[in-house]
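What follows is a single structure, written as structure tokens, with notes after it.
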Protein chains: 2
Amino acid sequence: MKYINTVSGCKNCPYRALIFGSLDNKELDFLEKTRKEIFYKKGDVLTKEGTSINEFLYLKTGLLKVYKTRAGNKTHIIRIAGPSDFVSLLSMFSNDKYKYSIAAIEDTTVCVVDSESIKFLAKSNGEFALELMKRMSYTYDEIIDSTYRIRQKHLRGRIAYILLYFAQKVYRQNRFELPISRREIGELINMTTENVIRILSEFRKDQIIFIDGKIIEIKDIERLERIKKIG
Amino acid sequence: MKYINTVSGCKNCPYRALIFGSLDNKELDFLEKTRKEIFYKKGDVLTKEGTSINEFLYLKTGLLKVYKTRAGNKTHIIRIAGPSDFVSLLSMFSNDKYKYSIAAIEDTTVCVVDSESIKFLAKSNGEFALELMKRMSYTYDEIIDSTYRIRQKHLRGRIAYILLYFAQKVYRQNRFELPISRREIGELINMTTENVIRILSEFRKDQIIFIDGKIIEIKDIERLERIKKIG
DNA sequence: ATTTAGATATGATAATTATCATATTCAAAA
DNA sequence: TTTTGAATATGATAATTATCATATCTAAAT
């Protein structure tokens, strides 16, 4: 991680409206007092499950994974978070310890403000509190939805789901570089590493995708959509 | 459903401290203006996914299931909610439509207040807003946690999990009546009805449980705990 | 009282997925 | 450069789970 010289503050931040829309300039000044902008390299761990929550994280650029580690070192990736996701909203208001770990899966820039400042503003500004709740609830609902959606699919359907997720939601391109390993894909959509590799190979043989290491190109998106739906 | 004559108000409610601890008497009076107490019989549907959220529900006695219906009439039960659970917190602040359906799986009494009143108080009373967030976040975290915990277990482990859940968390007795059918158990822990029945029969043959229709008695709790852990 | 639909029950079989074994490639560290 | 460990890859097999078939039981509706 590396501190970045802050170029511009919250007031002109393109993401301001997403969550800080109800804060006035005075309140933003208050937030900025504890604000830091931090750069994390791919692979860096931002927070670890069980450690104290002191900061409110706010993703500007890059990609993070939110995950949980269970007995036997088994890891579940709960979600992938991108710009405009409010990744530390989870568990921040219910717990003083992180319930999830967060790591960068791409080079990432985050804004960090003191979590007590956020709580103070939530207390004093009801509009802001409602905005936080809205965001939080939306984020959680998405997690639950995708979990149940994935669990009813077969292996091929899950791989189709995750490839389309990266292509459509994250990179908005049919050709992209996977930010995570085959093992991590398995941790995200609940299957073994071998089967992730196997199904990807199947898709390659069926000319649905092109693979070169972590580079994936979707060649037959209709077919992939169909596989996602049925299986 | 049936309206109940309100005997005592929020001020003396045993659950007041759980979520309304930060509201003063004046604010409680405000809430009580729209407050109704409603009785639902087992099987009654309280809310349906997709309909407008107008009320804030607050479970006093009984048991509810929170569920989602997918394409092909496939149902997922997201959670079982009991007294002191704040069942309509989910999606209330992110959406004006329910994201989940709710039905009574036992005779149930709920308090209902206008959702706009709750939002008004959240806006004007920051402490209350934080309490709501805390509850909401806690509830969501529990759902996510149990989902991931269940999905890594085998069938026997899942049945052990759900039996111990009812015995320990819901009824606090080794002998209890299942509030849901075998099919619904499957919808909750992700397995087919046949396999739910089969594993229950296995447990009966192994003298781990006694079964008489919906009545279950856990005879060998240590063994069940072990099955829950390993499988 | 009879019908009927749904719930419970069990066996046989098919489908799905994990595990184990082994090989190769790749990238980081010595 | 060599070594080493992790990631990718593929096949064979075992384990797990779903599906299909069929039967009985139960409770609600006629």
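In the text below, chain A, chain B and the rest are named by the order of the sequence lines, each starting its count at 1.
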Given side chains that start at C-beta, do those of A/F93 and A/M133 come closer than 4.5 Å, heavy atoms only?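 The answer is no; the side chains never approach within 4.5 Å.
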Is the shortest side-chain N/O distance from A/S201 to OP1 or OP2 of D/dT10 below 4.0 Å?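 Answer yes for this pair, as a side-chain N or O of A/S201 is under 4.0 Å from OP1 or OP2.
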Within the structure, does a side-chain N or O atom of A/R182 lie under 4.0 Å from either OP1 or OP2 of D/dT8?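 Checking A/R182 against D/dT8: at least one side-chain N or O falls below 4.0 Å of OP1 or OP2.
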Taking the basic N atoms (NZ, or NE/NH1/NH2) and the acidic carboxylate oxygens, is any pair closer than 4.0 Å for [X] and [Y]?
X      : Y      : value
A/E225 : A/R223 : no
B/K97  : B/E49  : no
A/D145 : B/R70  : yes
A/R35  : A/D114 : no

Ignoring hydrogens and geometry beyond distance, is a side-chain donor-acceptor pair present between [X] and [Y] at under 3.5 Å?
X      : Y      : result
A/S137 : B/Y140 : yes
B/T147 : A/T147 : no
A/D141 : B/Y100 : yes

Considering residues, nucleotides and ligands other than A/Y138, do more than 12 of their heavy atoms fall under 6.0 Å from its OH?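 Atom OH in A/Y138 is not crowded, with 12 or fewer foreign heavy atoms closer than 6.0 Å.
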Does a sphere of radius 6.0 Å around NZ in B/K68 hold more than 12 heavy atoms from other residues, nucleotides or ligands, not counting ones at 6.0 Å or beyond?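 Yes - once you tally the heavy atoms of other residues, nucleotides and ligands closer than 6.0 Å, there are more than 12.
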Going 5' to 3' through nucleotides 13-20 of chain C and flagging B where a protein heavy-atom sits under 4.0 Å of the base, S where only the sugar-phosphate is that close, and - otherwise, we get ---SSBBB
Sugar-phosphate atoms are those with a prime plus P, OP1 and OP2; base atoms are the rest. Using that split, label each nucleotide of nucleotides 24-30 of chain D B, S or - for protein heavy atoms under 4.0 Å, 5' to 3'. -------
Can you measure [X] atom [atom1] to [N] atom [atom2] for me and round it to whole angstrom units?
X      : N      : atom1 : atom2 : answer
B/I197 : D/dT22 : CD1   : P     : 18 Å
A/I199 : D/dT10 : CD1   : C1'   : 13 Å
A/R183 : C/dA27 : CZ    : P     : 17 Å

Expected output is a numbered-order residue list: members of residues 202-218 of chain B with a heavy atom under 4.0 Å from any atom of DNA chain C. What is it?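 Per residue number, the list reads B/R204, B/K214.
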If every non-hydrogen atom of A/K214 is compared with every non-hydrogen atom of A/R182, which pair is closest and at what distance?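 Shortest heavy-atom contact: CA-NH1, 4.1 Å.
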